Q: 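Sharing a structure, written as structure tokens. Questions coming.
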Amino acid sequence: MAFEQQPLQAVLDSIRSVCAETQTAVIRGTLSHGDSAPTIGLEPAELLSAIQAEKPAAVFYSLIAFDPDDFIDLALRANDWREGYEKRPGSRFPTPEKVRAYVQPQIDSLELRSIAHHELHVCYSRDGCLRTMTVSEDWAEEFYGAVADFVEAYIQDAEIDNDEAEERAKATMADMIKKVSQDEGFRAIRGLPKRLLYLQKHYGSQIPPHPRGRLSRPAQHVELVDLHVATVLIEASNLIWAEANL
């Protein structure tokens, strides 16, 4: 992955030059996304033309510092990740640390740590409407693309693994339901809560856990248990009932 820097400073210098001609102040500020004012997004050349035509009293700008972890967080959240999701059983998400380890060679080889900024925001207000411009370094967009590609590929692989694990579990579950339904000790017990205790004691280690860690409450006044345990309990009990009543 090759990155080429195209300094934001050149864009900022061109804005300062035009503002000098129109006697417009250029002021550095802090970017905020909380405003709801009408906004017009402009390209750099269009913004320069607007400044020349409208001659605002002041133009504000903000330079966004480069932090690889911000790119990682953004790529994960774009796939509905939230902090801690990667720790759930059967999670499809990589940890932020794993993503960082993947991109670390690119960061080291390109000395991205020494880069101060990756994005420039410029704006001014006229007649209650904001004129804005955002410019990102090409290398930053490529870097984010590399991070996003890794995250998406990891998620796809994890989903395939989970689906395959679930299919294997279904085959095992069918055999387990039949086996439990023929267990005389299980058959002699009345009521799902007591049968659950028997099932957990004698078959708990043989029932594959749900690959995504899903839980279920198979009866009132019992604890939440793995969905596969609950399924074996209910389906085996249904088989016993059907044999006796149908």
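Treat the numbers as computed from the prediction; the structure is a model and nothing was measured.
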Q: Can you get from Ile40 to Leu48 by hopping between Ile, Leu, Val, Met, Phe, Trp and Tyr side chains that sit under 4.5 Å apart?
A: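 Result: yes, single cluster for both.
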Q: Is the distance from the ring center of Phe71 to that of Phe143 below 6.0 Å?
A: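 Centroid separation for Phe71 and Phe143: below 6.0 Å.
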Q: Do His118 side-chain atoms and Phe66 backbone N/O form a donor-acceptor pair below 3.5 Å?
A: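 Side chain of His118 to backbone of Phe66, a donor-acceptor pair under 3.5 Å: no, none is there.
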Q: Are the aromatic ring centres of Trp139 and Tyr144 under 6.0 angstrom apart?
A: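 Not under 6.0 Å, so no.
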Q: Should Leu227 and Leu215 be regarded as members of a common hydrophobic cluster, given that ILVMFWY residues are connected when their side-chain heavy atoms come within less than 4.5 Å of each other, either directly or indirectly?
A: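 As far as the 4.5 Å side-chain criterion goes, Leu215 and Leu227 are not connected within one cluster.
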Q: State whether the side chain of Asp226 and the backbone N or O of Pro209 hold a donor-acceptor pair below 3.5 Å, judged by distance alone.
A: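 Looks like no, no N/O pair under 3.5 Å.
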Q: Quick one: are the ring centres of Phe186 and Tyr203 less than 6.0 Å apart?
A: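 Not under 6.0 Å, so no.
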Q: Once rounded to the nearest 0.5 Å, what's the spacing between atom CG of Leu76 and atom CD1 of Ile155?
A: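 One finds 7.0 Å between CG of Leu76 and CD1 of Ile155.
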Q: Answer yes when Glu235 and Lys178 have at least one side-chain N-carboxylate O distance shorter than 4.0 Å, and no when they do not.
A: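 Salt bridge: no.
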Q: Please assess Glu137 against Glu142 for the test side-chain contact (heavy atoms from CB on, under 4.5 Å), listing each intermediate value before the final yes or no.
A: CA-CA 9 Å; Glu137 298 279 17; Glu142 292 178 23; over 6 Å; no
Q: At their closest point, which heavy atom of Leu199 faces which heavy atom of Val229, and how far apart are they?
A: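 Nearest heavy atoms, Leu199 then Val229: CD2-O, 3.5 Å.
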Q: So, do Pro68 and Val103 sit near enough that their side-chain heavy atoms are less than 4.5 Å apart?
A: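 Sidechains of Val103 and Pro68: no contact.
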Q: May I ask you to test the Leu196-Gln200 pair for a side-chain heavy-atom distance under 4.5 Å?
A: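 The answer is yes, as the side chains (C-beta and beyond) meet within the 4.5 Å cut-off.
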Q: Distance from His117 atom NE2 to Ile64 atom CD1, nearest 0.5 Å?
A: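 Output value for this atom pair is 8.0 Å.
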Q: At what distance, to the nearest 0.5 angstrom, does CG of Leu8 lie from OG of Ser136?
A: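 Leu8 CG to Ser136 OG: 7.5 Å, rounded to 0.5 Å.
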Q: Tell me yes or no: between the side chains of His121 and Thr134, is some donor less than 3.5 Å from an acceptor?
A: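 Yes - a donor-acceptor pair under 3.5 Å links their side chains.
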Q: Does Thr231 reach the side chain of Met173, with side-chain heavy atoms less than 4.5 Å apart?
A: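 Yes - at least one pair of side-chain heavy atoms lies under 4.5 Å apart.
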Q: So which heavy atom on Leu233 is nearest to which on Ser237, and how close?
A: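 Between these two residues, the closest heavy atoms are O-OG, 2.8 Å.
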Q: What are the two closest heavy atoms between Asn245 and Trp241, and how far apart are they?
A: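 In terms of heavy atoms, the two residues are closest at ND2-O, 2.8 Å.
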Q: One thing to verify: whether Asp73 and Arg77 come together as a salt bridge, which I'm taking to mean a side-chain N less than 4.0 angstrom from a carboxylate O.
A: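 Yes, Arg77 and Asp73 are salt-bridged.
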Q: Ser181 side chain to Ile177 main-chain N or O, any donor-acceptor pair under 3.5 Å?
A: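 Yes.
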Q: Kindly work out whether a path of hydrophobic side-chain contacts (I/L/V/M/F/W/Y, heavy atoms less than 4.5 Å apart) joins Ile207 to Leu224.
A: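 Unlinked, Ile207 and Leu224 end up in two clusters.
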Q: Could you tell me whether the side chain of Arg28 and the main chain of Phe60 form a donor-acceptor pair under 3.5 Å?
A: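 Checked: no pair found.
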Q: What pair of heavy atoms forms the shortest contact from Leu192 to Pro218, and how long is it?
A: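 Between these two residues, the closest heavy atoms are CD1-O, 3.6 Å.
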Q: Leu197 and Val232: same hydrophobic cluster, using ILVMFWY side-chain contacts below 4.5 Å?
A: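 Looking at the clustering, Val232 is in a separate group from Leu197.
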Q: Taking Cys129's backbone N and O only, do any of them form a donor-acceptor pair with Asp127's side chain (distance below 3.5 Å, no angle check)?
A: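 Not confirmed, Asp127 side chain does not pair with Cys129 backbone.
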Q: Identify whether Ile234 and Val225 are in the same connected component of the hydrophobic contact network (ILVMFWY, side-chain heavy atoms under 4.5 Å).
A: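 No, no single cluster joins them.
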Q: Run the side-chain contact (heavy atoms from CB on, under 4.5 Å) check on Phe150 and Val99 step by step: do they pass?
A: CA-CA 7 Å; Phe150 173 79; Val99 183; 3.9 Å; yes
Q: Using a 4.5 Å cut-off on heavy atoms from C-beta on, say whether the side chain of Met133 contacts that of Ile15.
A: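 When only atoms from C-beta onward are counted, Met133 and Ile15 do touch, with a gap below 4.5 Å.
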Q: Between Arg100 and Glu97, does any side-chain N to carboxylate O distance fall below 4.0 Å?
A: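 Looking at Arg100 and Glu97, the cut-off is not met.
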Q: Looking only at side chains, do Gln23 and Lys55 share a donor and an acceptor under 3.5 Å apart?
A: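 Judged by distance alone, the side chains do not pair up.
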Q: Let me confirm one number: the CG-OG1 distance from Leu130 to Thr132, rounded to the nearest 0.5 Å.
A: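 Rounded to the nearest 0.5 Å, the CG-OG1 separation comes to 7.0 Å.
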Q: Indicate the atoms forming the closest heavy-atom contact of Ile51 with Pro56, along with that distance.
A: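 Minimum heavy-atom separation between Ile51 and Pro56: O-CD, 3.6 Å.
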Q: Quick check against the 3.5 Å criterion: does Arg195 have a side-chain atom that pairs as donor or acceptor with the backbone of Ile189?
A: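 A pair under 3.5 Å: yes.
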Q: Taking all heavy atoms of Tyr124 and all of Ala58, pick out the closest pair and write down the distance.
A: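 Nearest heavy atoms, Tyr124 then Ala58: CB-O, 3.4 Å.
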Q: Starting at CD of Gln182, measure out to CD of Glu243 and round the result to the nearest 0.5 Å.
A: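 CD of Glu243 is found 7.5 Å from CD of Gln182.
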Q: Atom CD of Glu54 and atom OG1 of Thr24: how far apart are they, to the nearest 0.5 Å?
A: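 Result: 10.5 Å between the selected atoms.
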Q: Salt bridge or not between Glu46 and Arg131? Use side-chain N to carboxylate O under 4.0 Å.
A: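 A salt bridge is absent here (no side-chain N lies under 4.0 Å from a carboxylate O).
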